[in-house]
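Worksheet: the structure to be examined is printed underneath.
Both ligands and their constituent atoms are indexed starting at 1 by order of listing.
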Amino acid sequence: MASTFHVEHFGCRAARADGAAVSDRLRVAELCDASPAVADVVVVNTCSVTAEADRAARAFIRRTHRLNPAARIVVTGCYAQRAPEELAGLKGVAAVVGNSHKALAPDIILGLLGCAEQHADSELIKIQTAQAPSAPPQLIWADDQFAHSFVEETQIVPGAQTRPNLKIQEGCGNRCTFCVIPQTRGPSKSLPTETVLRQVEGFVAAGGNELVLSGINLGRWGRDFSGSEGAVRQTLAGLVREIFERTALNRLRLSSIEPMDWDAELIGLMEEFGGVRLARHAHLPLQSGSDAVLRRMHRRYRPWHYVEKVEALRQACGPELTLGADVMVGFPGETDSEFEETVALVRLLPFGYLHLFPFSPRPGTPGWVLHAERPVPSEAVEERMTALRALAAEKCKAHRRRFVGRELEAITLHTPGELEARGRSAALTENFLPVELEGRLEANQLVRVRVTGLNAKGALEAVEARPAQYAAIATSV
Ligand code: SF4
């Protein structure tokens, strides 16, 4: 009988893309999906962005071991990279694979299940052959070299995820003082252009319509190529143009890009392709609206740079742009007036949504030391979070309300049972607004919808207007 596995995801889109790539590789090796209660291997794909994320991963591991003591638990992701020994000490954990060795995770798992001979030419087998024959099985796979950090993707296709992520960049060379990512994912590394194009072509050939380009610091894509001799400078904007020129992809969406990486060329692409093949959706992490706090965070922009970038994007995309940001509350030393600067900036800009986070000190970062010196009392953090949550909800509603009565392009998604029972389908507009569409439609249809209202959950209610005009674009490539 085939061995079974389960992958449990924690964390961001990029981490999810890693977990999906591991799952795909295991399916190719003929392992079957199962629930954590019965799977032979349970892969815990961890995040370590906050202390809460660490706690959630540990709780899941304990629960899994209690439920399914025979399962080999393999822990990977950012927490596995940051504190491998801590995780190796938990009951049931059979291997800890840091991001530095993530590409080897599928082979390590197959090895635990006794199927390693299927992959005799793998990098893992080469490493193991180099070890002493009497060496005990290796429990921890993590170092600071990050030589095996990119999980080689199997072909991305529209499946469980209608709009899958293609992770084209890994790691980050910035040194924001609150962030543990440079430790957990190493320096910036990019997927070569030809690999990206091959993936996009394969996705289109499999019937895919919308693809999300993602990365840990996506705007840095291509910078690591400039070190190689004779290399021409490659940029994310150049890559996006090549995707449009050399493939028939209908819609591309860019995930989070740092404010200063929105250069004139990238913003120009929004003007040229926005609303047609490029989604008018931009996520620019803000973190704080206070110059002083941004300096303490070692962020590379000031509030006025941020405003300039948003104005340029807004000009390029028009009012259809959905703008999103991450905002951090309670960074060490954040005063009431510094927080008020953030509130004022949020009020000023046309945000369609915000991701709000309380600051969480991470061991080994400068923020940990700053927090020890000037912590913000937890009651103040809670009060500030409440105030910003209310403002974010107000802005989100105001942004969505603007589209009532309008027609928008959208893609249908897998519809949750509860919505289906009401004769409706889930969809997402090109500019990133959730829609409840009248009628039952299969996932992955490009449709044009007419927005009829905004419901209590904040989703747009809509009826189908007419099929979207993509076929002509795709066939003209
Ligand atoms: S840009 Fe800053 S916050 Fe983002 S991953 Fe890099 S170090 Fe972390």
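- Atoms of ligand 1 lying under 4.0 Å from at least one heavy atom of Asn217, given by number and element, are 1 (S).
- Of the protein's non-hydrogen atoms, the one nearest atom 6 (Fe) of ligand 1 is Cys172 SG, 2.2 Å.
- Taking the six-membered ring where the residue is Trp, Phe273 and Phe244 present tilted rings, their angle falling between 30° and 60°.
- Nearest non-hydrogen protein atom to atom 1 (S) of ligand 1 is Asn174 ND2, 3.3 Å.
- The nearest heavy-atom contact from the protein to atom 4 (Fe) of ligand 1 is Glu258 OE2, 3.8 Å.
- Side-chain contact, Asn174 with Arg300: a donor N or O sits under 3.5 Å from an acceptor N or O.
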Step by step, work out the ring pair (Phe, Tyr, Trp, His ring centres under 6.0 Å) result for Phe432 and Tyr353. CA-CA 10 Å; Phe432 205 58; Tyr353 67 92; 5.6 Å; yes
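- At a 4.0 Å cut-off, not a single heavy atom of His298 sits close enough to ligand 1 to count as contact.
- In summary, the atoms of ligand 1 found under 4.0 Å from a heavy atom of Ile181, numbered by their order in the structure, are 5 (S).
- Under 4.0 Å is where a charged nitrogen must lie from a carboxylate oxygen, and between Asp263 and Lys309 no such pair does.
- Short contacts between ligand 1 and Phe178, defined as distances under 4.0 Å to a heavy atom of the residue, involve ligand atoms 3 (S).
- Checked by atom type and distance alone, the side chain of His9 never pairs as donor or acceptor with a backbone atom of Ala17 at under 3.5 Å.
- At least one N/O/S atom of Cys176, from backbone or side chain, sits under 2.8 Å from atom 2 (Fe) of ligand 1.
- Nearest non-hydrogen protein atom to atom 8 (Fe) of ligand 1 is Cys179 SG, 2.3 Å.
- Glu258 and Tyr301 share no side-chain donor-acceptor pair at under 3.5 Å.
- Of the N and O atoms on the side chains of Arg374 and His371, not one donor lies less than 3.5 Å from an acceptor on the other residue.
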